[in-house]
There are 2 protein chains.
Amino acid sequence: MNPDRAKVTIFDVAEHAGVSIKTVSRVVNNEPNVRENTRERVMLAVRELRYQPNAAARELSGKRSRIIGLIYENAEEFSYLNDVFNGALGICEPAGYSLLLRPLTLPDPEIIDHIRQFATNARVEGIVLPAPMGDLPEVSGLLREMRIPFAAITPREPAPDEINILCNDEAASHALTELLIRQGHDAIGFIKGHPDHGASHKRFAGYRRALKQHGVAYAPRLVRQGYFDFESGRIAAGRMLDLPNPPSAVLASNDDMAAGAIFAARKRGLNVPGELSIAGFDDTRFSSRIWPPLTTVRQPIVQMAETAAALLIDKLNGHSTEAPDAPFECEVVIRESTAPLSPA
Amino acid sequence: MNPDRAKVTIFDVAEHAGVSIKTVSRVVNNEPNVRENTRERVMLAVRELRYQPNAAARELSGKRSRIIGLIYENAEEFSYLNDVFNGALGICEPAGYSLLLRPLTLPDPEIIDHIRQFATNARVEGIVLPAPMGDLPEVSGLLREMRIPFAAITPREPAPDEINILCNDEAASHALTELLIRQGHDAIGFIKGHPDHGASHKRFAGYRRALKQHGVAYAPRLVRQGYFDFESGRIAAGRMLDLPNPPSAVLASNDDMAAGAIFAARKRGLNVPGELSIAGFDDTRFSSRIWPPLTTVRQPIVQMAETAAALLIDKLNGHSTEAPDAPFECEVVIRESTAPLSPA
DNA sequence: AATCCATTTGACAACGCTGTCAGTTTGCTG
DNA sequence: CAGCAAACTGACAGCGTTGTCAAATGGATT
């Protein structure tokens with residue numbers, strides 16, 4: 001530690017303001033029962049001396065670490081996490097909290113131990129769980145058991161007394177499918193996402209609902225299991241395209257798989273979107289950088305993460321945690337990878 | 001803080017092992033002057049009780065926070081940072097350090113204040129500076145002045161007594177250019193990177209050296225300024241392609257700009273790599289997902305970040321910081337966006 | 001002016017660890 | 001077997017805050 005830094009203590013402020021250290025503590029922590037007059041005097045001293053409370057002493061004495069953990073899957077795709085980090089950090093910092101990262105590589109047979117150790121060792125007060133961490137029952141179960149508050153950013157059903165940040169994946173998927181149907185497509189392939197992710201089911205459900213609503217027959221042969229990665233999308237799309245009656249459009253449950261589908265189409269000499277429309281999900285950073293730019297669905301991830309962190313901090317501070325009334329809205333982004341069914 | 005957690009203190013261990021707390025402290029901190037016999041007894045007690053030192057108390061008493069900061073540019077492209085995070089976290093965690101993130105949006109006129117505040121407030125012991133943070137003289141200058149040890153992962157010239165992690169960008173750029181020359185290209189465009197990044201200059205230097213070495217004339221009209229983002233790459237490439245005698249190959253200083261170049265080529269109906277070879281730099285995650293997959297250069301970023309963190313921690317622990325003898329090696333990855341010059 | 005109660009303030013003991021320094025043991029020497 | 005240095009070990013005082021609880025203050029009521 002550098003000798004030049006962090007030397008103004010609560011005693012200095014107390015002396016400067018002519019009060020006791022406890023009063024300074026009260027002011028700094030916004031506690032009640034301080035006369036307005038006194039409060040101002042202390043604040044002035046704080047500002048003049050540039051006092052910054054010592055976090056370690058605070059934690060040791062007050063039992064509050066002001067640290068929030070963020071446990072995430074260390075997947076390849078990072079733009080989602082980037083948004084989550086930014087959202088969470090943006091809230092934590094001004095609130096005086098630190099954010100501690102804990103990447104985990106899934107599947108992880110020792111996940112329970114890892115999380116338990118993280119929670120204990122890193123003395124986090126609360127934890128943010130972006131997808132797919134929030135989807136894993138063993139994770140939320142452990143945290144519940146350890147009585148560590150958490151906020152899950154994940155499309156699972158809301159649990160009472162737990163913070164859940166949702167978005168309307170299902171509706172967005174429905175809208176996207178509807179778009180393709182309106183463009184004349186009636187053989188629409190679907191590449192499912194990883195079955196452990198709540199989002200996968202929501203997205204598939206939206207697809208099916210749209211088909212049904214518009215009287216388009218559901219064809220199991222046009223549905224393939226994918227795992228949210230490029231490779232599985234490439235393979236799944238390839239299988240469909242090699243079918244005797246291939247689909248004229250493919251909806252992938254995320255952009256990575258959509259990119260895989262484009263790759264597969266191109267390998268087979270198919271023009272996208274002329275001969276095959278392809279849409280994705282997530283509006284990943286590269287969605288607009290590939291050719292053709294992807295039609296996809298954008299989620300307000302930064303906002304969702306902000307809300308997660310804010311609600312979590314509220315809860316930690318004993319404020320009433322009122323969940324947002326409605327799920328966050330996704331937005332369909334129409335680009336050039338989809339087009340009306342050509343007359344051929 | 002949860003009542004169930006973190007209750008075993010140094011006193012419990014001391015009692016269990018039949019020694020004083022100070023001895024436990026010595027063992028836990030690997031201090032000398034403890035009889036082997038005693039050490040083992042204490043270790044046993046530590047393990048049996050699952051003792052985990054209280055970080056706050058340690059910091060308060062010992063003046064060591066065991067926190068390392070990571071200041072980074074909050075750019076759109078994240079795969080580089082992902083690798084940096086993973087590398088640094090992978091080292092910090094087992095070493096008992098926490099990693100605290102501080103994203104900064106560049107350019108930031110108040111960068112000095114932001115960093116100063118981060119360093120003071122967050123009580124970091126040392127800081128990792130990935131590119132382009134390490135390139136900014138005001139940043140390294142401030143840290144030097146504040147006497148906070150830092151490790152810069154950046155292609156600047158090594159500074160004495162400072163930790164610098166380098167890689168041979170220049171050589172890789174040279175090799176990539178050479179590859180194109182060998183494929184028959186003699187009108188090779190170059191899109192420069194952001195002038196504030198050290199890497200930009202290295203990469204340009206490698207290009208020029210290769211041209212010179214192989215007797216290919218250097219044509220300023222084939223060199224354009226870019227800023228490492230897709231859009232600037234698209235524009236720069238577009239300008240070159242609209243030239244009366246356009247290049248048959250374009251080397252972009254990173255993959256984002258290379259993707260922009262592919263985009264520009266496609267807009268003009270040019271076949272890549274048939275009519276135009278394009279190569280990038282960095283082997284971003286999407287390099288192999290776009291069409292055609294990009295020929296590019298891969299840097300061992302995870303290793304570089306690991307080394308940065310490890311050397312920094314060594315330094316903080318007072319060990320001799322011996323810099324790695326040689327810069328890290330980049331690797332040219334040949335994919336399908338480059339091809340021999342076609343006879344036409 | 002005296003009394004009472006609510007509000008405000010302060011004294012002081014934790015919190016769990018490391019640094020300091022003094023005390024105790026051990027292993028050699030002579 | 002005493003004597004001595006070196007190797008160990010332990011007692012105790014902080015570190016800078018917050019929690020507890022007692023004391024002081026102030027205003028309203030007799």
Side-chain angles (χ1 to χ4, degrees), chain A residues 1-3 5-43 45-46 49-67 96 120-121 123 125 316-318, chain B residues 1-3 5-43 45-46 49-66 96 120-121 123 125 317-318:
Chain A
M1 208 66 107
N2 189 297
R5 292 182 275 154
K7 34 182 197 292
V8 180
T9 76
I10 199 170
F11 285 94
D12 302 320
V13 180
E15 190 180 348
H16 198 83
V19 297
S20 75
I21 57 167
K22 182 62 216 186
T23 297
V24 176
S25 172
R26 287 199 182 88
V27 172
V28 170
N29 292 287
N30 264 309
E31 283 174 32
N33 297 332
V34 178
R35 200 163 297 152
E36 194 50 36
N37 186 331
T38 316
R39 189 178 295 273
E40 272 164 19
R41 206 144 34 92
V42 173
M43 297 271 260
V46 165
L49 300 181
R50 294 176 191 280
Y51 167 66
Q52 297 218 292
N54 178 308
R58 266 188 154 169
E59 179 179 349
L60 183 58
S61 172
K63 314 278 173 260
R64 300 214 27 202
S65 64
R66 288 161 205 258
I67 295 176
T120 311
N121 192 25
R123 80 265 194 206
E125 282 187 58
L316 293 175
N317 288 331
Chain B
M1 207 68 107
N2 188 296
R5 293 181 277 154
K7 35 182 197 290
V8 180
T9 75
I10 199 171
F11 286 92
D12 301 319
V13 179
E15 191 179 348
H16 197 82
V19 297
S20 75
I21 57 166
K22 182 62 216 187
T23 298
V24 176
S25 172
R26 286 200 182 88
V27 172
V28 170
N29 291 290
N30 264 311
E31 284 175 30
N33 297 331
V34 179
R35 199 161 298 148
E36 194 51 36
N37 186 331
T38 315
R39 189 178 294 272
E40 273 165 19
R41 206 144 34 92
V42 172
M43 296 271 259
V46 165
L49 300 180
R50 296 175 187 280
Y51 168 66
Q52 298 218 292
N54 178 309
R58 266 187 156 171
E59 178 178 351
L60 183 58
S61 172
K63 312 279 173 255
R64 300 215 27 203
S65 65
R66 289 163 204 257
T120 312
N121 193 24
R123 80 263 197 210
E125 282 187 57
N317 288 330

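Just so we're clear, the structure is a prediction, and the values are computed from it rather than from any experiment. Quick note on labels: first sequence line is chain A, next is B, and so on, each numbered from 1.
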With a non-hydrogen cut-off below 4.0 angstrom, is Pro53(A) in contact with a base, only sugar-phosphate, or nothing?
sugar-phosphate

I'd like to know if Arg26(A) reaches the base of dG19(D) with its side chain such that a donor and an acceptor end up less than 3.5 angstrom apart.
no

Any [X] side-chain nitrogen or oxygen under 4.0 Å from OP1 or OP2 of [N]:
X        : N       : value
Thr23(B) : dG10(D) : yes
Thr9(A)  : dG16(D) : no
Ser25(A) : dT17(D) : no
Arg58(B) : dT18(C) : yes
Thr38(B) : dT9(D)  : yes
Ser20(A) : dG10(C) : yes
Asn29(A) : dT18(D) : yes

Quick one, Glu125(A) with Asn317(A), criterion side-chain contact (heavy atoms from CB on, under 4.5 Å). Give me CA distance, side-chain angles, the key distance, then yes/no.
CA-CA 10 Å; Glu125(A) 282 187 58; Asn317(A) 288 331; 5.9 Å; no

I need the [atom1]-[atom2] distance between [X] and [N], as an integer number of Å.
X        : N       : atom1 : atom2 : answer
Glu59(B) : dC17(C) : CD    : C1'   : 12 Å
Leu60(B) : dG14(D) : CG    : C1'   : 9 Å
Asn33(A) : dA22(D) : CG    : C1'   : 15 Å
Ile10(B) : dG10(D) : CD1   : C1'   : 12 Å
Arg64(A) : dC15(C) : CZ    : P     : 19 Å
Asn30(A) : dT8(C)  : CG    : C1'   : 16 Å
Glu36(A) : dT25(D) : CD    : C1'   : 18 Å
Glu31(A) : dT9(C)  : CD    : P     : 12 Å

Check every atom of dG16(C), dG16(D), dT9(D) against the side chain of Val34(B) and return the nucleotide holding the closest atom.
dT9(D)

Taking the side chain of Lys22(A) as its heavy atoms from C-beta onward, which of dT26(C), dA14(C), dG10(C) lies nearest to it?
dG10(C)

For Ala57(B) and for Pro32(B), locate the closest nucleotide of DNA chain D by heavy-atom distance; then report the residue assigned to the nucleotide nearer the 5' terminus.
Pro32(B)

Is there a side-chain contact (heavy atoms from CB on, under 4.5 Å) between Asn30(B) and Arg39(B)? Walk through the geometry before answering.
CA-CA 9 Å; Asn30(B) 264 311; Arg39(B) 189 178 294 272; 3.9 Å; yes

Does CD belonging to Gln52(A) count more than 12 external heavy atoms closer than 6.0 Å?
yes

Where each residue is assigned the nucleotide of DNA chain C containing its nearest heavy atom, which of Ile21(A) and Arg39(A) is assigned the position nearer the 5′ end?
Arg39(A)

Determine, step by step, whether Thr9(B) and Asn54(B) satisfy the side-chain contact (heavy atoms from CB on, under 4.5 Å) criterion, reporting the C-alpha distance in whole Å, the side-chain angles of both residues, the deciding distance to 0.1 Å, and the verdict.
CA-CA 8 Å; Thr9(B) 75; Asn54(B) 178 309; over 6 Å; no

Flag the pair Val46(A) / Val27(A) as yes when at least one side-chain heavy-atom distance between them is below 4.5 Å, and no otherwise.
no

Show your reasoning for whether side-chain contact (heavy atoms from CB on, under 4.5 Å) applies to Val8(B) and His16(B).
CA-CA 11 Å; Val8(B) 180; His16(B) 197 82; over 6 Å; no

